[in-house]
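Working notes, beginning with the structure itself.
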Amino acid sequence: MKPKTRLIHGGIFGDEATGAVSTPIYQVSTYKQEAVGKFKGYEYSRTGNPTRHALEELIADVEYGHAGFAFGSGMAAISSVMMLFSAGDHIILTDDVYGGTYRVVNKVLNRFGLEFTFVDTGDLEAVEAAVKENTKAIFIETPTNPLLKVTDIEAVSAYAKSKNLLTIVDNTFMTPYLQNPLKLGADIVLHSATKYIGGHSDVVAGLVVVNSEQLATDLHFVQNSVGAILGPQDSWLLMRGLKTLGIRMEEAVSNAQKIAEFLDQHEAVNAVIYPGLLNHTGHELMKKQAAGFGAMISFDVGSKEKADELLAKLRYFTLAESLGAVESLISVPAQMTHASIPVERRGELGILEGLVRISVGIEDVEDLIEDLENALN
Ligand SMILES: *Cc1c(COP(=O)(O)O)cnc(C)c1O
């Protein structure tokens, strides 16, 4: 089955009870038992719900994994995965990881005795140097946000395996349509489904897929115990989103390539970061491990003032946090998504005050380029 077909025919197709082609929204908390302990697979919706289950089967299929899990947000998914570990365990993370991930590990999970080290996971030697006796996992995000640095998933996974460590990949930016970390040797892949998977700026959700029965048992135990589950209505919206993920990504990636090339030759733009450009350090690696370069572009206009000026003039790029929607979005990471990262740390990472990030949508690319041209001139 090819990826676009898998998005539509993967998982559980339709509803067995009624023949409904779209899995119904089972808005229910509990299930009638015929006798104590005698029930049809569902007893209570925190433990399992048919609509959520259909989504979990579908995401497991499209990420080529063993089992899927749906959570109330990307952060709920990440936090639940972190609860697979115990006090005293050490985890290595990509240095310019999503701001919310940085915050939850440094301000919440550290209070429970988990230890974290941030390294440039694009540099395997740096990863190796960070491994300690109590290291249990390597958490990577690739490409990163907003600098779009690329990590070799296959190389890190192979190294992790040799040291008995788990490899966890935040695959939000690439989606299961463009990149499948489990196929490259990772153990756990997760998504903020709020972004491309939902795709329409109308749902907050997180998804996780694991590659083994043991991890499935352990993560289901955490999901049921902690309870950060996704509701049936939002589960249904994600299944609806997944059906069109393939065509949406094709369009967004194609638009992004054209926009990156346009920005790259514009004199008001200092530097354009997009993996689809030949000058991007991760270009070849992206070609090897992904089916496309994604639809996120960062570029530097020189200062906070110039960034503000650009924002004020744009018509089709909506100023908003988040990304991955049908509509193009724009943000200034230093003032928005990455404001929770201390200013010195932002400087170290290279998140400049004039750095602008765009999430390219699926509008007509000619309108998008014209809009940018008018605003930049
Ligand atoms: C948005 C995002 C998250 C967090 O997801 P929420 O759904 O907002 O909780 C995690 N990782 C990445 C890469 C993201 O873009």
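Index from 1, following the sequence. Remember, it's 1-based here, ligands and their atoms both numbered in the order they're listed. Any value given below was found using the heavy atoms of this structure, including those in side chains, with hydrogens, waters and symmetry copies removed. Here the structure is a predicted model, which is why all the values come from computation and not from measurement.
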**Asked** When you measure from atom 1 (C) of ligand 1 to every protein heavy atom, which one gives the shortest distance, and what is it?
**Response** K195 NZ, 1.4 Å
**Message:** For Y274 and F293, take the angle between the two ring planes, folded into 0 to 90°, and tell me which bin it lands in: parallel under 30, tilted 30 to 60, perpendicular over 60.
**Reply:** perpendicular
**Prompt:** What is the closest protein heavy atom to atom 4 (C) of ligand 1, and at what distance does it sit?
**Reply:** Y98 CE2, 3.4 Å
**Item:** Close side-chain approach of S212 to D187, heavy-atom, < 4.5 Å
**Value:** no
**Message:** I want to check something: taking the side chain as every heavy atom from C-beta on, are L166 and K136 in contact at a cut-off of under 4.5 Å?
**Reply:** no
**Asked** Do the ring centers of Y102 and F118 come within less than 6.0 Å of each other?
**Response** yes
**Item:** Within-cut-off N or O pair, L323 and ligand 1, under 3.5 Å
**Value:** no
**Message:** Working to the nearest 0.5 angstrom, can you tell me the gap between E63 CD and T175 OG1?
**Reply:** 8.0 Å
**Asked** Taking the inter-plane angle between the rings of F69 and H220 on a 0 to 90° scale, is it parallel (under 30°), tilted (30 to 60°) or perpendicular (over 60°)?
**Response** tilted
**Message:** Applying a heavy-atom cut-off of 4.0 Å, say which part of A205 lies close to ligand 1: side chain, backbone, both or neither.
**Reply:** backbone
**For S73, atoms of ligand 1 separated by under 4.0 Å from a heavy atom** = 7 (O), 9 (O)
**Complete:** among protein heavy atoms, the one nearest atom 9 (O) of ligand 1 is M75 N, 2.8 Å
**Prompt:** Who's the nearest protein heavy-atom neighbour of atom 12 (C) of ligand 1, and how far?
**Reply:** D170 OD2, 3.5 Å
**Prompt:** Should you measure from each heavy atom of G74, which atoms of ligand 1 turn up under 4.0 Å away?
**Reply:** 5 (O), 6 (P), 7 (O), 9 (O)
**Asked** Between T194 and ligand 1, does any nitrogen or oxygen pair lie at a separation below 3.5 Å?
**Response** yes
**Six-ring centre of Y98, K195 cation under 6.0 angstrom, axis tolerance 45°** = yes
**Asked** Do we see a donor-acceptor contact under 3.5 Å between the side chains of S80 and Q223?
**Response** no
**Request:** Compute the shortest N/O to N/O distance between S192 and ligand 1 and return yes if it is under 3.5 Å, no if not.
**Result:** yes
**Request:** For E141, counting its heavy atoms only, list the atoms of ligand 1 lying under 4.0 Å from any of them.
**Result:** 13 (C)
